[in-house]
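Single-structure report; data block below.
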Amino acid sequence: MLDYDLHCHSNLSDGTLTPTELVARAAGREVKVLALTDHDDVAGLAEAARAAAQHGIEFINGVEISVSWRRFTVHIVGLHIDPQNPVLAEGLRTIRSGRRRRAELMAESLARIGIGGVMEGALRYSFNPDMIGRTHFARYLVEAGHCKDVRSVFNRYLVKGKPGYVEHEWANLQDAISWIRASGGVAVLAHPGRYMAGRKPMGKPTLHELLNEFVALGGQGIEVVSGSHTPPQYAEFARYAKEFNLLCSCGSDFHGPEESYRDVGRLPDFPLECLPVWKFWETAGA
């Protein structure tokens with residue numbers, strides 16, 4: 001089992017635990033190296049780093065950047081970033097600035113089908129109002145009795161073609177990678193097995209095109225072991241890593257005890273021939 005977890009979230013984005021609580025949970029599950037990768041924000045990193053030091057965990061500064069690529073929303077994880085870097089900070093600020101207006105439009109869409117009070121309800125689940133998003137809406141919809149759990153919300157609401165969905169333009173791929181590289185980090189394509197256009201998977205030809213562009217723009221890694229990948233996908237994305245000469249990363253994508261595909265830490269080992277992403281900063285620091 002891997003004792004690295006390089007993709008997880010706190011309540012500073014759409015997780016349910018504080019950074020301190022998240023680190024304590026990781027320590028209890030024998031994580032030795034942890035990255036906090038909140039969506040489009042680095043506000044929780046300092047608190048998480050302090051907690052990690054208390055637990056004897058090596059902490060990696062991270063972020064997960066939302067990207068619009070063609071008709072897909074994809075995510076790029078930045079690892080070993082400098083959160084004070086002005087280029088990265090300004091880029092993340094521009095992404096966050098559009099979230100509140102998107103949330104208002106989502107609430108208006110739900111109100112038109114008779115579900116009111118959603119904006120106020122979602123804000124109660126958002127510790128960081130600048131980061132309000134679909135997960136906070138989903139939690140409120142469960143509380144209000146419209147769905148049995150968060151996962152089922154996304155079968156009925158908040159996705160393309162359903163009430164509450166609002167098209168949004170995130171960062172472009174080139175900018176996201178350049179912000180990460182400017183901050184000294186390594187850019188990793190997150191959970192490639194999850195990308196969909198509506199209910200249709202991205203497909204292998206399109207994924208090849210994405211990876212070609214990602215590498216050409218300076219992307220350096222791919223999540224092979226992810227909380228949302230199946231064992232056959234570990235092998236599949238290890239092959240992509242080899243084909244595109246990418247470093248291999250791993251992460252639970254943990255959001256909370258009741259909402260995640262996988263708990264924080266204790267991830268399966270990489271398939272053979274994977275070059276771990278941590279070799280990037282080990283070599284850089286040598």
Side-chain angles (χ1 to χ4, degrees), residues 4-10 12-15 19 22-23 26 33-53 57-69 73-99 128 130-131 133 169-192 210-211 213-223 226 241 244-251 253 275-286:
Y4 286 68
D5 194 329
L6 303 179
H7 186 162
C8 58
H9 299 273
S10 78
L12 271 297
S13 64
D14 58 350
L22 174 66
V23 172
V33 182
L34 180 73
L36 176 61
T37 55
D38 278 330
H39 292 283
D40 307 321
D41 204 336
V42 295
L45 295 181
E47 178 186 337
R50 290 192 297 270
I57 292 176
E58 180 181 343
F59 184 71
I60 306 298
N61 285 320
V63 69
E64 185 175 15
I65 301 179
S66 308
V67 166
S68 295
W69 183 80
T73 297
V74 302
H75 293 121
I76 308 299
V77 164
L79 295 174
H80 227 275
I81 59 167
D82 173 7
Q84 304 301 320
N85 179 269
V87 174
L88 176 65
E90 176 59 20
L92 296 179
R93 187 198 65 77
T94 62
I95 300 176
R96 293 194 302 271
S97 65
R99 278 185 174 267
N128 180 359
D130 288 340
M131 291 302 300
E169 191 68 24
W170 302 105
N172 66 53
L173 185 62
Q174 180 174 358
D175 284 345
I177 294 171
S178 69
W179 299 339
I180 292 167
R181 296 290 297 265
S183 74
V186 54
V188 175
L189 181 66
H191 44 61
L210 171 60
L211 285 168
E213 189 172 336
F214 177 72
V215 171
L217 292 171
Q220 297 152 284
I222 185 171
E223 280 186 357
S226 166
F244 288 91
N245 195 29
L246 290 166
L247 299 163
C248 297
S249 192
C250 57
D253 197 10
L275 181 62
V277 68
W278 44 89
K279 297 298 183 184
F280 169 83
W281 52 81
E282 290 175 356
T283 302

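Please read these numbers as outputs of a predicted model, since none were measured by experiment. Computed over heavy atoms, backbone and side chain alike; hydrogens, waters and symmetry mates excluded.
- Remark: D253 engages R194 in a salt bridge (charged side-chain N to carboxylate O under 4.0 Å, His left out) (not counting sequence neighbours).
- Residue H80 holds its NE2 atom at 11.0 Å from CG of D82, rounded to the nearest 0.5 Å.
- For E213, the side-chain contact (heavy atoms from CB on, under 4.5 Å) partners at least two apart in sequence or on another chain are W69, L173, L217.
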From CA spacing to verdict: side-chain contact (heavy atoms from CB on, under 4.5 Å), S249, V77:
CA-CA 10 Å; S249 192; V77 164; over 6 Å; no

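- For residues 41-52, every residue pair satisfying the salt bridge (Lys or Arg N to Asp or Glu O under 4.0 Å) rule, not counting sequence neighbours, is listed here: D41-R96.
- Here A216 pairs with nothing under the side-chain contact (heavy atoms from CB on, under 4.5 Å) rule; sequence neighbours left out.
- With sequence neighbours excluded, the residues satisfying ring-ring contact (aromatic ring centres under 6.0 Å, His included) with H191 are H7, H75, Y195.
- Atom-to-atom distance recorded for I95:CD1 and D130:CG is 13.0 Å, nearest 0.5 angstrom.
- W170 CH2 to H39 NE2: the interatomic distance, rounded to the nearest 0.5 Å, is 9.0 Å.
- For N172, the side chain to side chain donor-acceptor pair (under 3.5 Å) criterion is met by D175, not counting sequence neighbours.
- Residues V74 and F214 have side chains not in contact (no heavy-atom distance under 4.5 Å, counting atoms from C-beta outward).
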Chi angles and distances behind the side-chain contact (heavy atoms from CB on, under 4.5 Å) call for L6, V188:
CA-CA 10 Å; L6 303 179; V188 175; over 6 Å; no

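- Side-chain contact check for N245 versus V215: every heavy-atom pair is 4.5 Å or farther apart.
- Using a 4.5 Å heavy-atom threshold, the side chains of D38 and N128 count as separate.
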For side-chain contact (heavy atoms from CB on, under 4.5 Å), just list the numbers for F280 and L79, CA-CA rounded to whole Å, side-chain angles, deciding distance to a tenth of an Å, and then say yes or no.
CA-CA 10 Å; F280 169 83; L79 295 174; over 6 Å; no

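- Among all heavy-atom pairs drawn from I180 and A187, the shortest one is CG2-N, 3.8 Å.
- In this structure, CG on L247 lies 10.5 Å from NZ on K279, to the nearest 0.5 angstrom.
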Verify side-chain contact (heavy atoms from CB on, under 4.5 Å) between L92 and I65, making sure each step is shown before the conclusion.
CA-CA 8 Å; L92 296 179; I65 301 179; 3.9 Å; yes

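- For T37, there are no side chain to side chain donor-acceptor pair (under 3.5 Å) partners two or more places apart in sequence or in a different chain.
- Contacts of Y4 classified as ring-ring contact (aromatic ring centres under 6.0 Å, His included), with partners at least two apart in sequence or in another chain: W278.
- The distance from the OG atom of S183 to the CD atom of Q84 is 11.0 Å, given to the nearest 0.5 Å.
- Residues forming a side chain to side chain donor-acceptor pair (under 3.5 Å) with S178 (at least two apart in sequence, or on another chain): none.
- Taking each heavy atom of R181 and G218 in turn, the nearest pair found is NH1-O, 2.7 Å.
- Between L189 and F244, the closest side-chain pair of non-hydrogen atoms is not below 4.5 Å.
- The side-chain contact (heavy atoms from CB on, under 4.5 Å) test applied to A52 returns V23, I57, F59, not counting sequence neighbours.
- Among residues two or more places apart in sequence or in another chain, the side chain to side chain donor-acceptor pair (under 3.5 Å) test is passed with R99 by D40.
- Of all heavy-atom pairs spanning L246 and G221, the tightest one is CD2-N, 3.7 Å.
- Taking R93 as the reference, E90 meet the salt bridge (charged side-chain N to carboxylate O under 4.0 Å, His left out) condition, with sequence neighbours excluded.
- Of all heavy-atom pairs spanning G251 and D5, the tightest one is CA-OD1, 3.4 Å.
- Proximity of L36 to S10: side-chain heavy atoms (C-beta onward) are separated by under 4.5 Å at one or more points.
- Contact detail for S13 and H9: the closest heavy-atom pair is OG-ND1, 3.6 Å.
- The nearest pair of heavy atoms linking A190 to E64 is CB-OE2, 3.9 Å.
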